[in-house]
Amino acid sequence: MPVFQTSPGTRDIMPPEAARWRRFSDVFSTVVETAGYSCIIPPMFEDIGVFRRLGEATDVVTKEMYDFEDKGGRHVALRPEQTASVCRAFAQHRPPTPWKVWYSGPNFRYEKAQAGRYRQFDQVGIEVLGTDDPDIDVEVIFLGWDFYRRLGLSNVTLMLNSLGDTDDRQRYVDALATHFNDQKTTLSEEAQRTLEKNPLRVLDSKREQDKAAIDGAPLLKDFLGDDARVHFERVCEGLRELEVPFVVNDRLVRGLDYYRRTTFEFVSTALESSQNAVGGGGRYDGLVEELGGPPTHGIGFALGVDRTLLACDAEGVFGSSSDSVDVFVVDVVDGRHARGLSHDLRRHGFSADRAFDGRSMKSQMKAADRSGAKVAVIVGQDEVSAGTCVVRRLDSSDQVVIPRADLVDYLGSIGLKPSTETA
RNA sequence: GUGGGUAUAGCUCAGUCCGGUUAGAGCGCCAGGUUGUGGCCCUGGAGGUCGGGGGUUCAAGUCCCCUUACUCACCCCA
């Protein structure tokens, strides 16, 4: 065993998997930039107060915060998510609204790792600040849905709910608390503890013991005020018009306290583990204000990169493809020709690799094969004397001898296109 | 944070129950067969403090204790 390994809950994304991650975020940025979202890169750590606003009763804040004191005595935390940071950035810079941004990057939660759950985990997401038009809810949800579809996923279910406005939500929480307290003796110990902190999340319990009490609980939709109800209906209507299938789930209450009105979650039915939520989001009117900004409406989602890729694996879509170059230069003289040729080819926009350490021709050809190159350019003593080189196609084994000065043109003529002109 | 499982070559794993020469296989890697040609085939080679520490024993990869990590589940979440 090596002396050093990755810390618990972290891992190296090795090639070719890392290339797949980049493609993933490329697909995502294409989808959302088409809809007018701009990239934002907030810092990875902030004053811990920024994240405390996620809710004092949430696990994310009470036990999963990756926090520490820096050398200046500031109490900071690695971001557990990016929504709070985006809202803080909005309050700090006051951009014109509606402000539509997307992000991609790692987040940190101090918890025990298991499949699809890491201490450092990546999310991509979008946030829209400054409008409460139900159409923006529709747009946001659609973009998430569309992204999964473009990856090729077909077993993703969209679950939708409305938590109502602040007053609605409070009345519902009170009613829930009353209901569960009446049935307290039937609840599991964990649920009883959850009840004291946040009655809403008792609904989240998957324990058999709690099922009866949950089934008999009052329904959220009966507590929605007129505004929230109309808003929710308009969102549903918009999604139906865009032909986005969804399931209204009365029990969908999400883990963070800031959600109001629309909440949603993307669940992969292809994943068997309990980490089957591949993405989620909702409306968080009020969060910006809590962070010291003006009253501002907000909505967004975050999608877990790891879990979404697990879902892709489960469905056999969006696989990893290995990196490859256009040309592999084989030099069986002294390596100086490989140096010159690969340099020239790269300057002309071809991707080119070569072997080192003066290996045998057989060894270099094996390396050429492994590199995934379409052609090998071979230089031996004969070619050096004649000022030529051999171009061998690695798929068909056809090869021709051409003057070295014609190499770039020849490669172009057989269909290898320089990716960029860098004269 | 709680409970189960696992840890042997770069990777995937035999061997552990029932302690006993020099710890194996496949794949990968390197070299050769083929002194100018990759994939297929054949031959050879390198590569292991058997996760770490302690204990029992004449003897520990194998039994016991501790520890660390991974993993699955719970909790919760992406």
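Just so we're on the same page: letters track the sequence lines, and every chain starts at 1. Just so you know, these numbers come straight off a predicted model, no measurement behind them.
- Heavy atoms of A:F266 sit nowhere under 4.0 angstrom from any nucleic acid atom.
- Partners of A:E139 under the salt bridge (charged side-chain N to carboxylate O under 4.0 Å, His left out) rule, at least two apart in sequence or in another chain, are A:K100.
- Atom P of B:G51 sits at a distance of 15 Å from the matching atom of B:G15, rounded to the whole Å.
- Qualifying salt bridge (charged side-chain N to carboxylate O under 4.0 Å, His left out) partners for A:E17, counting only residues two or more places apart in sequence or in other chains: A:R20.
- Within the nucleic acid shown, A:V332 has no heavy atom closer than 4.0 Å to any nucleic acid atom.
- Note: NZ (A:K112) to C1' (B:C75) measures 11 Å, nearest angstrom.
- With a 3.5 Å ceiling on both atom-pair distances, B:A46 lacks any Watson-Crick or G-U wobble partner.
- Here the P atom of nucleotide B:A78 and the CG atom of A:L252 are 10 Å apart, to the nearest Å.
- Not a single donor-acceptor contact under 3.5 angstrom links the side-chain atoms of A:R109 to the base of B:C77.
- No donor-acceptor contact under 3.5 Å links the side chain of A:Q82 to the base of B:A78.
- The CG-P distance, from A:L271 to B:C77, rounds to 18 Å in whole Å.
- B:C11 and B:U68 have their P atoms separated by 23 Å, with the value rounded to a whole Å.
- If you measure from atom NE2 of A:H337 to atom P of B:G36, you get 16 Å, rounded to the nearest angstrom.
- Here A:R149 pairs with A:D146 under the salt bridge (charged side-chain N to carboxylate O under 4.0 Å, His left out) rule; sequence neighbours left out.
- Applying the salt bridge (charged side-chain N to carboxylate O under 4.0 Å, His left out) test to every pair with at least one member in residues 75-88 of chain A, sequence neighbours left out, gives these pairs: A:E46-A:R88.
- When the C1' atom is compared between B:A69 and B:C30, the two are found 32 Å apart, to the nearest whole Å.
- For the pair A:D137 (side chain) and A:V235 (backbone), a donor-acceptor distance under 3.5 Å is absent.
- Only A:R359, A:S360, A:M361, A:K362, A:S363, A:M365, A:K366, A:D369, A:R370, listed by number, bring a heavy atom of residues 356-377 of chain A to less than 4.0 angstrom from any atom of RNA chain B.
- The same atom, P, is picked in B:U56 and in B:G10; the two are 32 Å apart, to the nearest Å.
- A:R117 contributes a side-chain N or O that forms a donor-acceptor pair with the base of B:C75 under 3.5 Å.
- Residue A:V390 places its side chain closer to B:U37 than to any other of B:G1, B:A78, B:U37.
- The residue among A:L303 and A:D382 whose nearest nucleotide of RNA chain B is located toward the 5' end is A:D382.
- Checking B:A25 for Watson-Crick or G-U wobble geometry (two distances, each under 3.5 Å) identifies B:U12 as its partner.
- Pairs of residues two or more places apart, or lying in two chains, that qualify as side-chain hydrogen bond (donor to acceptor under 3.5 Å, both in side chains) and include a residue from residues 332-343 of chain A are A:D334-A:R336, A:H337-A:R404.
- Each of A:F301, A:F90, A:Y284, A:W102 was evaluated against A:E127; a single residue qualifies, A:Y284, per the side chain to side chain contact (heavy atoms under 4.5 Å, CB included) test.
- Nucleotides B:A9 and B:G48 are separated by 6 Å at their C1' atoms, to the nearest Å.
- With a cut-off of 3.5 Å on both Watson-Crick or G-U wobble distances, the partner of B:C74 is given as B:G1.
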